[in-house]
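First the structure, in the form of structure tokens, and then the observations on it.
FYI, side chains are in, hydrogens and waters are out, and symmetry mates aren't considered; it's all heavy atoms of this structure. A note on names: the letters A, B, ... follow the listed sequences, proteins ahead of strands, and every chain is numbered from 1.
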Amino acid sequence: MNDIELQQLAHRQQISDVLISYCNALDKMDLTAIEALFTDDCFVDYGPGKLFQSRGAAALAKSLERMWRWSRTSHHLSNIQIEFVDTISASAVSYVHAWHERPDGTTATILGQYHDELIHEDRGWRIARRRMVMNGCDAGFTVDINPFERIAPPDDWIAPDID
Amino acid sequence: MNDIELQQLAHRQQISDVLISYCNALDKMDLTAIEALFTDDCFVDYGPGKLFQSRGAAALAKSLERMWRWSRTSHHLSNIQIEFVDTISASAVSYVHAWHERPDGTTATILGQYHDELIHEDRGWRIARRRMVMNGCDAGFTVDINPFERIAPPDDWIAPDID
Amino acid sequence: MNDIELQQLAHRQQISDVLISYCNALDKMDLTAIEALFTDDCFVDYGPGKLFQSRGAAALAKSLERMWRWSRTSHHLSNIQIEFVDTISASAVSYVHAWHERPDGTTATILGQYHDELIHEDRGWRIARRRMVMNGCDAGFTVDINPFERIAPPDDWIAPDID
């Protein structure tokens, strides 16, 4: 293994750490910690509508105050894949299983993906651009998140006789 | 750390990437991408029944066309553990939380494990053998997947008085 | 990358492996394997009440016999974050999505966190202290697990007009 590959192993760990820190900080509603995970001029796009798009880390943190409308949340991150553009920029895709509970006890679950671009600043890796897409959700989740697009079946596809 | 340990760290990352790519490609229904993750002569066993066992990457990809019967899916991979047999073969166990939605809006969730054998080919790590087992599922999931076997309690075990 | 950073990459993998092994062994009800993952004098705290706190690996394994009251379980671990105190001690936070099914078919799901302290013994990394906290759960889960504390909204916070 050469030095670049070795360095990338360390950077993968650091990037994973940033992505996980977002989830844990969101469940804790530590918006100061979340603000520090993004570049100052980041752009974050959870879905159509001004409420779900933010420019700048400070505006994002402010915007995420909306998460207090839930009484409890739990964001489970998996399927982390990272690709390096060069030594100071990378892209990442990760999956999130996000559970939310309202004060009245009803819940909403979304299964989605974060598509991120990260930049290595002096203080470490930061998210410069995040786009969320939704694989699916339960009936309780009604926020308009960008849908994840599947490849459609060929015209001659016939559904198999299984449940 | 010696060179073998170092190489294994890199290979763990590459193998994890293959396992995750399967999930993401399945949710996208990118069957061409899935075919490329397996050895040409792979054997995949999701459960009893000819429909759920495939020999060869091409046959597997063809078989997975059945997943189009779902309108949306989300496969969340975790608990990845990898053991090396030698420098070009490894075994892996991973957990999957797989959510499926039918066109009528009803859903089916399975919690299972992939037990894999992987081979390092010139083009990278590929899955040569996959057996899926099921830890559990919800009432909506009715496919006959291989059950995961727990160790049974001793004969003198008494259930505790808790819920 | 210097030797310490390199060694930590290897140790992160070994610690992750211990945390995952706990989940997999619990789903298999391999209590012998679980006992071997903890230090002899470990302290484990799942919640208030004598039944959910254990001192010593043997007592913990004995205590976990209670899990046989479930007919099936599935523990999905994610969001693993590890910090090193020195070369032989570390702390880890991980998320668990734990599904449980009773013999009557009813289920209980908890979404929680393990907060662990680990020690590197001659035989490898072992969990010396574990505290579980709960982000949330469904209506079926009634065990009294330590709650995870969120930061409260400021006094002047106004709930947004979204669902």
Fill in: CG/A/D104: more than 12 non-hydrogen atoms of other groups inside 6.0 Å
yes
Discussion item. Heavy atom to heavy atom, less than 4.5 Å: which residues from residues 55-67 of chain C reach chain A?
Written reply: none
Discussion item. With a strict 4.5 Å heavy-atom criterion, list every residue of residues 72-89 of chain C that contacts chain A, or say none.
Written reply: C/S78, C/N79, C/I80, C/Q81
Discussion item. Can you tell me which portion of C/L9 sits under 4.5 Å from chain A's heavy atoms? Options are side chain, backbone, both or neither.
Written reply: side chain
Discussion item. What residues of residues 17-53 of chain C make heavy-atom contacts with chain A at a cutoff under 4.5 angstrom?
Written reply: none
Item to complete: Answer yes or no: does atom CG of A/N2 have more than 12 heavy-atom neighbours from other residues, nucleotides or ligands under 6.0 Å?
Response: yes
Worksheet item: What parts of residues 127-159 of chain C touch chain A if we use heavy atoms and a cut-off under 4.5 Å?
Response: C/M134, C/N135, C/G136, C/C137, C/F148, C/E149, C/R150, C/I151, C/A152, C/P153, C/P154, C/W157
Fill in: Heavy-atom contact with chain A under 4.5 Å, split by part of C/V96
backbone
